[in-house]
Protein chains: 2
Amino acid sequence: MTRAEDPKLEPNKAQSGVSQYNETLDGLFGYHLKRATNVLQLDLKHALKPFDLRMLTYTALVLIVDNPGLRQSQLAEAMDVERPNMVVIIDTLESRELIIRDRVPTDRRAYALNATLAGRRLCEKATMAVKQHEERLLHQLSPEMRQTVIAALTLIRKVGGGVAP
Amino acid sequence: MTRAEDPKLEPNKAQSGVSQYNETLDGLFGYHLKRATNVLQLDLKHALKPFDLRMLTYTALVLIVDNPGLRQSQLAEAMDVERPNMVVIIDTLESRELIIRDRVPTDRRAYALNATLAGRRLCEKATMAVKQHEERLLHQLSPEMRQTVIAALTLIRKVGGGVAP
DNA sequence: TATTGTTATACTCTATAACTATA
DNA sequence: TATAGTTATAGAGTATAACAATA
């Protein structure tokens with residue numbers, strides 16, 4: 001029993017189950033951006049699941065691995081995450097002994113974040129998995145297309161950063 | 001007091017306050033996508049605030065305005081939202097008398113969603129505001145660039161829809 | 001006085017199971 | 001039995017205020 005009584009409601013129903021009911025939304029850049037991001041995030045979630053990492057914990061781990069000695073406040077700024085929310089992310093990584101909080105001798109308020117060997121290894125494996133998953137989703141996009149998209153996204157970020165709320 | 005003791009940590013600090021600490025993440029398409037989406041979503045949030053609409057309520061309103069008689073389940077599918085979560089969104093719009101739930105005579109389980117005059121008017125005004133906000137963020141992108149990006153995002157969505165979890 | 005990390009809290013979005021009333 | 005809408009609930013992500021220790 002299909003629900004095709006009203007043909008207007010199913011203009012281009014894809015095999016994926018995604019329907020298009022609209023024109024207004026299709027005219028909005030942000031709508032396309034959000035939908036595609038959701039798809040990629042969902043895929044990323046599955047890619048990270050075997051490593052018991054989520055988007056935020058993975059991103060934090062990558063940044064710590066690549067920037068030894070990073071402070072929590074710097075990490076929070078780099079990830080656009082509020083400091084209070086950063087704490088639980090760091091707690092999670094630390095409890096799994098993927099990173100450690102080292103006291104900074106010159107500023108006893110702060111912690112210098114460093115990845116453990118296990119953290120670096122997990123990060124490497126996870127990144128490989130993430131890249132594989134991404135490639136599966138992006139294989140239809142030419143290198144030029146990818147470059148253009150990333151350039152556009154970077155531009156948006158720059159403009160947005162300068163726009164007052 | 002700047003925090004530039006470690007120059008490696010601030011390779012290209014922008015005026016926006018956004019720092020780049022990384023190479024691994026910059027190689028990930030999804031990272032750029034998420035960051036840009038965050039910027040656009042934040043801007044959209046501010047654009048919709050005067051109308052007391054959020055991203056989800058706005059999207060639902062648009063779809064109902066453009067597709068009179070839509071069922072809740074169809075709306076949920078179109079928005080990639082679970083049916084239970086759809087209920088509260090519809091409740092919100094209905095309590096503000098922007099839409100109404102009409103019983104479907106041929107299927108008394110279902111509701112046909114229809115926008116009120118107030119709903120259509122608010123939708124129109126909100127859409128104008130959203131487009132203005134978007135234009136401010138996207139004015140640096142040429143029409144060709146936008147087309148390419150939207151084409152790429154659509155491709156990702158299609159591929160992602162067909163990828164098994 | 002300002003900053004780092006922290007606690008507590010609240011709101012939004014998301015996801016699942018189970019119920020009701022219809023079909 | 002299957003579906004439409006609903007309820008309840010739990011998990012993430014996000015945001016703000018306020019605190020202790022330190023600068």
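Here the structure is a predicted model, which means the values were calculated and not measured. So that the names make sense, note that chain A is the first sequence line, chain B the second, and so on, each numbered from 1.
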Round to a whole Å and report the spacing from [atom1] of [X] to [atom2] of [N].
X: B:L70; N: D:dA4; atom1: CG; atom2: P; result: 12 Å
X: B:Q41; N: D:dT14; atom1: CD; atom2: C1'; result: 13 Å
X: B:R101; N: D:dG5; atom1: CZ; atom2: P; result: 9 Å
X: B:I90; N: D:dT7; atom1: CD1; atom2: P; result: 13 Å
X: A:E77; N: C:dG5; atom1: CD; atom2: C1'; result: 16 Å
X: B:I89; N: D:dA4; atom1: CD1; atom2: C1'; result: 16 Å
X: A:L75; N: C:dT6; atom1: CG; atom2: P; result: 12 Å
X: A:H46; N: C:dT14; atom1: NE2; atom2: C1'; result: 13 Å

Who pairs with [X] by side chain to side chain contact (heavy atoms under 4.5 Å, CB included), at least two apart in sequence or on another chain?
X: B:N38; result: B:K34
X: A:V149; result: A:L153, B:F29, B:V149, B:A152
X: A:R108; result: none
X: A:V88; result: none

Query raised in the report: When you look at B:M79 and B:M86, which way does the side chain to side chain contact (heavy atoms under 4.5 Å, CB included) test go after all the steps?
Result: CA-CA 9 Å; B:M79 287 178 63; B:M86 199 74 250; 3.8 Å; yes
With a 4.0 Å cutoff (strictly under), does any side-chain N or O of [X] reach OP1 or OP2 of [N]?
X: B:Q74; N: D:dA4; value: no
X: A:Q72; N: C:dT6; value: yes
X: B:S73; N: D:dT3; value: no

Requested in this report: Enumerate the residue pairs fulfilling salt bridge (charged side-chain N to carboxylate O under 4.0 Å, His left out) with a member in residues 141-154 of chain B, sequence neighbours excluded, ordered by first and then second residue.
Outcome: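 Qualifying pairs: B:E135-B:R146.
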Report task. Under 4.0 Å from any atom of DNA chain D, heavy atoms only: list the residues of residues 49-61 of chain A that qualify, in numerical order. Result ->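 Heavy-atom cutoff 4.0 Å gives A:R54, A:L56.
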Report task. Summarise protein proximity over nucleotides 15-23 of chain C in one line of letters, 5' to 3': B for base, S for sugar-phosphate only, - for none, counting protein heavy atoms closer than 4.0 Å. Result -> BBB---BBS
Query raised in the report: Quick one: does NZ or CZ of B:R103 land under 6.0 Å from the six-membered ring centre of B:Y111, within 45 degrees of the ring axis?
Result: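 Flagged: B:R103 positioned over aromatic ring of B:Y111.
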Report task. Taking salt bridge (charged side-chain N to carboxylate O under 4.0 Å, His left out) as the test, write out the residues that go with B:E94, two or more places apart. Result ->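 Listed in chain order: B:R101.
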Report task. Hey, could you give me each pair passing side chain to side chain donor-acceptor pair (under 3.5 Å) that has a residue in residues 118-130 of chain A? Not counting sequence neighbours. Result ->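 Sorted result for residues 118-130 of chain A: A:Y58-A:T127.
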